[in-house]
Number of protein chains: 2
Amino acid sequence: MAVTITDVARAAGVSTSTVSYALSGKRSISPDTRRRIDEAITSLGFIVNAGARALATSQTMVIGLLTQFHADEFAPAMLEYILPVSDTARELGYDILLVTELDSVAALRRVTSSGMVDGVVLLDVVHEDPRLATLRDAAQPGALVGLPKHTEGLDVFDLDFGESARLLVDHLYARGHREIIVVSPPLHVFERGGAYGWRFRDAALERAARYGLQMHPYYGESRQPEIGRSINAMLDARPTATALIVHNDATIAALPSVLTARGVSTPDDLSVVSLYAKDFGRAFSLPYTAVESSPDELGRSAVRQLVRRITSPDLAGPAVTRFVAPEITDRGSTR
Amino acid sequence: MAVTITDVARAAGVSTSTVSYALSGKRSISPDTRRRIDEAITSLGFIVNAGARALATSQTMVIGLLTQFHADEFAPAMLEYILPVSDTARELGYDILLVTELDSVAALRRVTSSGMVDGVVLLDVVHEDPRLATLRDAAQPGALVGLPKHTEGLDVFDLDFGESARLLVDHLYARGHREIIVVSPPLHVFERGGAYGWRFRDAALERAARYGLQMHPYYGESRQPEIGRSINAMLDARPTATALIVHNDATIAALPSVLTARGVSTPDDLSVVSLYAKDFGRAFSLPYTAVESSPDELGRSAVRQLVRRITSPDLAGPAVTRFVAPEITDRGSTR
DNA sequence: CTGAAAGCGCTTACAG
DNA sequence: CTGAAAGCGCTTACAG
């Protein structure tokens, strides 16, 4: 059926091992032989069988991408992580096995134990992530996007949410705001162990306390019409608040229409700052000053580190936990 | 390193072939032998090596998912297709190789010729899709989401965009509207050969002509601030139009805030109908009566048909082109 | 500079 | 009901 290395060898009048070495460049080949092999390869349209190569080399050149989609989650932001992971992997010669199974522990076990992948990237890592035990048992290395409670022996990449919160509070404080509402991710994110929720909130509250400013924390919602209702309820309850910090994708996406409907304009009536990826902001036409959440950089770093572990486990050094430094993009939504 | 079938055979005191048959159930095994094998498997934690099995059976149990991300595209809707494809594949025992390469012809060639996949699902198929020639040459079957010019020999799944347009025009016509603006996907979608653009628009125009109503076609934009500007320009240019048909994700997502900013309320000042997936509408809090674009049903159907072709090529019958019948969800945005 | 052969971990006719 | 052996398509010591 498909063209094999044996077909190429026959056409070029050499042995299969010579073809293999020509392919890998692991030993020198005479110019003439090389030319005949190259011709045979192109004329036959030969492409190495991935499974056979994997079996012989114990390398699949595939990276597993483990995602966790929750029914109650705001999906649009997910792709921002998947795409850079996939693109970076390909640049480094790897394909992506996308694993979206609900039972992600079993899924992780399955793809690692069956030898389908050379390594895995875990997205949406939570505080006590049940996948980590499986990952530690696996023969392949893994890289995490999201900070778990225990990071020993794992390469971890995440935004510095604490610092992000402090930056935003400082930004507002410097502009004279003394009463601020902070909208966190939905309660179920906290319950699930999404540490970014409290890392951001606690840092914001702590900073506020230090400055002696009033800060009102709320959980956001993830679906309409609850989102709109909850925003209105917060604003009604805190009429004297002059600024809003939104750490919640679904809420920030809905905010423009809710505020316009209320007749509230930004920044004249209310200052707003947030945290989201620029592409996300573009998709939702968001005009807010915000910390860049950097899914692109996180995804790319995770893959690069993972590939380093795969290809040169000895040189890759000890496990790293790397926090992306937050950067504010000022879009003029504060005064 | 990893546990192999040989380890299991040794532990159970049988041959590897017996273990293999116990695994596949392709021949009867004595109860006692079966028990010893099962015990060995669980105690050793054996999971079949996927590459070795693939080499022996010529079946990888992996489906390639070929996507095309364009820099000028509105990304949030993409995941709505990816997820159902992935979930359905897994239900049927397949994993997903996610291929996001820009050069998707080369990518398709690579994953099929290397035998990495048993079949492929092509997303975002355009009118003269360059991937189709490669697909027809491939040893593996493929299923398309999106209607190309030539469908011979291919399984194709798409929404019936013509009927969708007619449904929406009828809906407005029945409510007395006689001058309507229709917003198509951006010009670059047409140029790229996104047939859904003109299939919808042409059907809408034809229907309008038949009813003798005025219809003004426009291309939408895909990014801010052009989106907002273009909507305002259309409404300024057609002050007497009473309804808007929006066949454009980026435009419909931005519409609520643009209309509110203009002081236009729906449906009192302007009736609006559109076409989008319900999850998309939920994410963007869209309140419009719309045809459901059914990414879920399309993705699931494509995978099911593909798996049928993979597992029983003889029983699967001739190639099919299947159009999902459009259904309107009335959200009260017309009068 | 090149080839014959073993081996990667499975499956499956062939034999009994 | 079970086993020994060939073969899937590669890679890589081993030999020359």
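Per chain, numbering begins at 1; letters A, B, ... match sequence-line order. Because the structure is a prediction, the values reported are computed rather than measured.
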Q.
So for atom CZ, which belongs to Arg109(A), do other residues, nucleotides or ligands contribute more than 12 heavy atoms lying within a distance under 6.0 Å?
A.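 12 or below, so no.
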Look up atom [atom1] in [X] and atom [atom2] in [Y], then write down how far apart they are to the nearest 0.5 Å.
{"X": "Thr4(B)", "Y": "Arg10(B)", "atom1": "OG1", "atom2": "CZ", "value": "7.0 Å"}
{"X": "Tyr196(B)", "Y": "His127(B)", "atom1": "OH", "atom2": "NE2", "value": "14.0 Å"}
{"X": "Leu298(A)", "Y": "Leu123(A)", "atom1": "CG", "atom2": "CG", "value": "9.5 Å"}
{"X": "Leu135(B)", "Y": "Arg131(B)", "atom1": "CG", "atom2": "CZ", "value": "9.0 Å"}

(Q) Both atom distances under 3.5 Å, Watson-Crick or G-U wobble: I'd like the secondary structure of DNA chain D as a dot-bracket string, with | for pairs made across strands. (A) |||.||||||||.|||
Q: Shoot me the first and last contacting nucleotide of DNA chain C against chain A, ordered 5' to 3', at under 4.0 angstrom to non-hydrogen atoms.
A: dC1(C) to dG9(C)
Using a 4.0 Å heavy-atom cut-off, does [X] contact any base of the nucleic acid, only the sugar-phosphate backbone, or nothing at all?
{"X": "Thr57(A)", "answer": "sugar-phosphate"}
{"X": "Ser58(A)", "answer": "nothing"}
{"X": "Ser17(B)", "answer": "base"}
{"X": "Thr33(B)", "answer": "sugar-phosphate"}
{"X": "Ser20(A)", "answer": "base"}

Q: Would you mind reporting whether Val99(A) and Thr67(A) have side-chain heavy atoms less than 4.5 Å apart?
A: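 No; the side chains remain at least 4.5 Å from each other.
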Q: Return the 5'-most residue of the pair Ala56(A), Ala56(B) with respect to DNA chain C, ranking by each residue's nearest nucleotide.
A: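 The 5'-side residue here is Ala56(A).
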(Q) On DNA chain C, compare the nucleotides closest to Arg27(B) and Leu55(B); which residue's is nearer the 5' end? (A)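 Counting from the 5' end, the first nearest nucleotide belongs to Leu55(B).
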(Q) As a test of understanding, state which of Val145(A), Asp296(A), Val303(A) forms a side chain to side chain contact (heavy atoms under 4.5 Å, CB included) with Val85(A). (A) Val303(A)
Q: Applying side chain to side chain contact (heavy atoms under 4.5 Å, CB included) between Leu144(B) and each of Asp155(B), Leu132(B), Asp129(B), Val121(B), report the one that passes.
A: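 Of the listed options, the one satisfying the test is Leu132(B).
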Q | Any residue meeting salt bridge (charged side-chain N to carboxylate O under 4.0 Å, His left out) with Asp95(A), in chain and number order, not counting sequence neighbours | A | Arg90(A), Arg110(B)
Q. In terms of the nearest nucleotide of DNA chain D, which residue is placed more toward the 5' end: Ala52(A) or Ser15(B)?
A.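 The residue closer to the strand's 5' end, by nearest nucleotide, is Ser15(B).
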